[in-house]
Chemist: 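Just dropping this structure here.
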2 protein chains.
Amino acid sequence: MTEKDWEKWVRMIADEYDLDLGKTNKETLKQKKILEAAIHIFAEKGFSGSSTSEIAERAGVAEATIFKHYRTKKGLLLRLVIPAIAKVASPWITRSALKILEQDKPFRERVEDVILDRVLLIETNWKKIKIILVESLFHPELREAIQTHVAKSVFPVMSEKIKQLQAEGELRRDLPDYVLLRSVISMAIGYLLARNVFPEQLAQSEEKDEISMIAEVLLKGVGGSHGD
Amino acid sequence: MTEKDWEKWVRMIADEYDLDLGKTNKETLKQKKILEAAIHIFAEKGFSGSSTSEIAERAGVAEATIFKHYRTKKGLLLRLVIPAIAKVASPWITRSALKILEQDKPFRERVEDVILDRVLLIETNWKKIKIILVESLFHPELREAIQTHVAKSVFPVMSEKIKQLQAEGELRRDLPDYVLLRSVISMAIGYLLARNVFPEQLAQSEEKDEISMIAEVLLKGVGGSHGD
DNA sequence: GATATAAGTGAGTAATCACTCACTTACCAA
DNA sequence: TTGGTAAGTGAGTGATTACTCACTTATATC
């Protein structure tokens with residue numbers, strides 16, 4: 001799937017499920033309520049575990065109203081998920097990270113800033129991200145879309161930046177760029193998981209200090225004096 | 001929840017759902033087939049997305065047979081999940097990692113060995129782990145059980161080992177032990193996720209080489225010459 | 001070989017599911 | 001004010017769901 005294929009795919013799915021994707025649209029109050037309720041309930045119970053009647057009740061709307069706007073339950077899911085994926089993969093969301101890395105500060109501080117930025121970004125969109133991650137495990141079309149779209153539009157940009165930082169001597173040159181990229185992402189995601197699942201054991205300090213330590217480990221490693 | 005509370009909890013759930021937990025039991029061939037089919041289908045479609053009729057069909061068994069042995073659909077889920085959690089948190093599974101760390105080898109090699117060991121362990125039990133992780137998001141009792149059990153019985157052991165390695169000079173002493181533990185886990189999980197979701201972009205080399213690079217990043221960091 | 005106990009099943013059942021349809025209500029432009 | 005269109009709904013529908021029960025079959029012990 002190339003970038004153009006992605007756009008085609010979005011249009012195709014949008015047609016198939018009569019999605020508006022929130023672009024041209026002026027949404028009704030009730031439509032907003034439905035989307036709000038759906039995010040809450042899908043995140044809490046998963047797609048299969050949620051019922052349209054429950055979503056309707058929480059939104060204060062007749063069940064039929066949901067089907068008026070989104071045709072099927074899966075149409076409702078995709079109306080939530082596809083714009084979110086498109087947003088994650090849009091240029092500006094990558095660009096804001098690049099901007100931070102280009103600021104006039106010590107490299108160490110820039111690394112902390114960019115990690116904090118991404119952590120906050122994920123935290124504020126946590127429910128939607130949870131839905132996307134979980135449902136991508138069970139809906140192959142979704143998984144494939146994320147794979148190809150994120151892989152083809154986000155990674156190359158980040159990869160380029162890393163190569164530049166390697167050339168500038170900020171990052172070591174004896175490891176491939178994808179390993180360095182994966183390491184940064186791993187440490188950030190690992191921190192978020194730890195904070196959510198084992199906060200008392202694995203994330204005991206203030207967020208600011210935790211991120212500072214993440215940057216420290218990332219740049220210098222965990223090895224002690226013996227390894228030198 | 002203390003360790004004794006955990007045992008109580010297991011017995012309580014076992015009573016509530018009539019679980020045998022595979023300890024005293026001689027399982028029938030059909031029971032094995034049911035468990036096999038359930039693992040496959042729960043992993044593929046999620047708990048809510050799976051139907052008992054489908055599980056029965058795949059196992060080559062009448063639907064009523066499932067309810068004969070496991071009383072409810074959730075009873076079947078717990079029969080899969082609870083022994084797996086108990087196993088993960090059992091002493092020997094932690095001990096095998098500690099054994100590796102105590103071998104008479106350079107520290108760098110021991111780190112590689114232990115990462116490889118855990119990666120293989122997760123890979124061979126991937127379906128069950130997937131079920132546990134996903135369903136713990138939606139069943140609070142499960143989440144709590146994992147949290148307290150793993151947190152209270154696995155982390156302290158690992159934490160102790162890390163402090164010892166810090167004292168020996170193999171790991172740096174200027175960061176708290178939980179940050180070092182979290183870093184190792186993050187890098188391993190990050191690698192597994194990358195291998196599963198973005199293999200072409202984020203896990204391009206042979207497993208052996210990837211793990212060697214993970215150990216390298218972990219011990220020495222990603223920072224370049226500028227940072228020295 | 002008789003008997004007791006457990007394993008296994010076919011044919012249900014009530015409840016819930018996603019979804020439809022005929023209909024009413026709200027909105028807006030001419 | 002009117003007329004056309006979209007928003008919204010109450011009352012359904014057939015299909016599927018987890019689960020039950022009366023019953024048969026297999027197994028093990030004496």
Side-chain angles (χ1 to χ4, degrees), chain A residues 13-14 16-39 41-42 44-81 131 135 138-139, chain B residues 13-14 16-39 41-42 44-81 131 135 138-139:
Chain A
I13 296 281
E16 192 178 338
Y17 290 92
D18 250 359
L19 300 181
D20 209 319
L21 301 184
K23 284 181 182 172
T24 58
N25 203 19
K26 13 170 182 136
E27 270 172 350
T28 318
L29 178 70
K30 301 220 168 189
Q31 288 184 51
K32 275 182 196 157
K33 288 271 185 191
I34 291 171
L35 293 177
E36 233 177 83
I39 289 175
I41 293 179
F42 283 160
E44 187 182 309
K45 307 191 168 185
F47 177 72
S48 294
S50 309
S51 72
T52 50
S53 64
E54 193 183 353
I55 293 170
E57 194 184 15
R58 180 172 231 271
V61 155
E63 208 180 337
T65 309
I66 293 176
F67 293 95
K68 185 90 180 184
H69 291 295
Y70 310 105
R71 287 242 327 261
T72 63
K73 189 184 164 192
K74 189 156 185 182
L76 175 57
L77 172 70
L78 294 176
R79 171 58 186 75
L80 296 176
V81 151
I131 295 172
E135 299 314 324
F138 304 128
H139 304 264
Chain B
I13 296 281
E16 191 178 339
Y17 290 92
D18 251 359
L19 299 182
D20 209 319
L21 300 184
K23 284 180 183 172
T24 59
N25 202 20
K26 14 173 180 132
E27 269 171 348
T28 317
L29 179 71
K30 300 217 169 188
Q31 288 182 52
K32 275 182 196 156
K33 288 271 186 189
I34 290 171
L35 293 177
E36 231 178 84
I39 290 175
I41 292 178
F42 283 160
E44 186 182 308
K45 306 192 168 182
F47 177 71
S48 294
S50 308
S51 72
T52 50
S53 63
E54 192 183 353
I55 293 170
E57 193 184 14
R58 181 171 231 270
V61 154
E63 210 181 336
T65 309
I66 293 177
F67 292 95
K68 184 91 180 184
H69 291 295
Y70 310 104
R71 288 250 319 271
T72 62
K73 188 183 164 193
K74 189 158 184 181
L76 174 58
L77 172 69
L78 293 176
R79 171 58 185 80
L80 296 176
V81 151
I131 295 172
E135 299 314 325
F138 303 128
H139 305 264

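Throughout, protein chains are lettered first and strands after them, A, B, ... in sequence-line order, and every chain is numbered starting at 1.
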Chemist: Quick one: A/Ile66 CD1 to C/dT20 P, roughly how many Å, whole number?
Modeler: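 After rounding, the gap between these two atoms is 13 Å.
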Chemist: Can you tell me if B/Thr28 uses its side chain to pair, donor with acceptor, with the backbone of B/Gln31 under 3.5 Å?
Modeler: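 Judged by distance alone, no pair lies under 3.5 Å.
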Chemist: Heavy-atom distance under 4.5 Å between the side chains of B/Tyr70 and B/Leu78, does that happen here?
Modeler: no
Chemist: Counting the atoms with a prime plus P, OP1 and OP2 as sugar-phosphate, which does A/Ser48 contact under 4.0 Å by heavy atoms, base, sugar-phosphate, or nothing?
Modeler: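 If one applies the 4.0 Å heavy-atom cut-off, A/Ser48 turns out to touch nothing in the nucleic acid.
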Chemist: Would you find a donor on one side and an acceptor on the other, under 3.5 Å apart, between the side chain of B/Lys73 and the backbone of B/Ser50?
Modeler: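 Yes.
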Chemist: Got B/Phe47 and B/Lys74 here, is their nearest side-chain heavy-atom distance under 4.5 Å?
Modeler: yes
Chemist: Counting side-chain heavy atoms from C-beta on, which of D/dC21, D/dG8, D/dC19 comes nearest to A/His69?
Modeler: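 For the A/His69 side chain, the nearest candidate turns out to be D/dG8.
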Chemist: Flag the pair A/Thr65 / A/His69 as yes when at least one side-chain heavy-atom distance between them is below 4.5 Å, and no otherwise.
Modeler: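 SC-SC contact between A/Thr65 and A/His69 confirmed.
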Chemist: By nearest nucleotide on DNA chain C, pick out whichever of A/Lys68 and B/Thr65 is the more 5' one.
Modeler: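 Nearest-nucleotide comparison on DNA chain C picks B/Thr65.
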Chemist: Indicate whether OP1 or OP2 belonging to D/dT17 is found under 4.0 Å from a side-chain N or O atom of B/Thr52.
Modeler: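 Negative; the distance criterion is not met.
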Chemist: Can you tell me how far P of C/dG8 sits from CD of B/Gln31, to the nearest Å?
Modeler: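 Whole-Å distance recorded here is 6 Å.
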Chemist: Can you check the A/Leu29 CG to C/dC27 C1' distance for me, whole Å?
Modeler: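 These atoms are roughly 15 Å apart.
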Chemist: How many whole angstroms separate atom NZ of B/Lys45 from atom P of D/dA18?
Modeler: 11 Å
Chemist: Rounded to whole Å, please give me the gap between CZ in A/Arg71 and P in C/dC21.
Modeler: 12 Å
Chemist: By nearest atom, which of the nucleotides D/dA18, C/dG10, D/dT9 is closest to the A/Lys30 side chain?
Modeler: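 Within the option list, the nearest is D/dT9.
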Chemist: Within the structure shown, what part of the strands sits under 4.0 Å from B/Lys73 by heavy-atom distance: base, sugar-phosphate, or nothing?
Modeler: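 Answer is sugar-phosphate: B/Lys73 comes under 4.0 Å of backbone atoms only.
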Chemist: Rounded to whole angstrom units, what separation is found between the CG atom of A/Leu35 and the C1' atom of D/dA7?
Modeler: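 Rounded to the whole Å, the gap is 15 Å.
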Chemist: Without decimals, in angstroms, what is the distance between B/Glu63 CD and D/dT16 P?
Modeler: 13 Å
Chemist: Under 4.0 Å: is that the gap between some side-chain N or O of A/Thr72 and OP1 or OP2 of C/dA18?
Modeler: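 Result: no.
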Chemist: What is the separation between atom CZ on A/Phe67 and atom P on D/dG10, rounded to the nearest whole Å?
Modeler: 15 Å
Chemist: If only side-chain N and O atoms of A/Thr28 are considered, is one of them under 4.0 Å from the OP1 or OP2 phosphate oxygen of D/dA6?
Modeler: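 A/Thr28 to D/dA6 OP1/OP2: no side-chain N or O under 4.0 Å.
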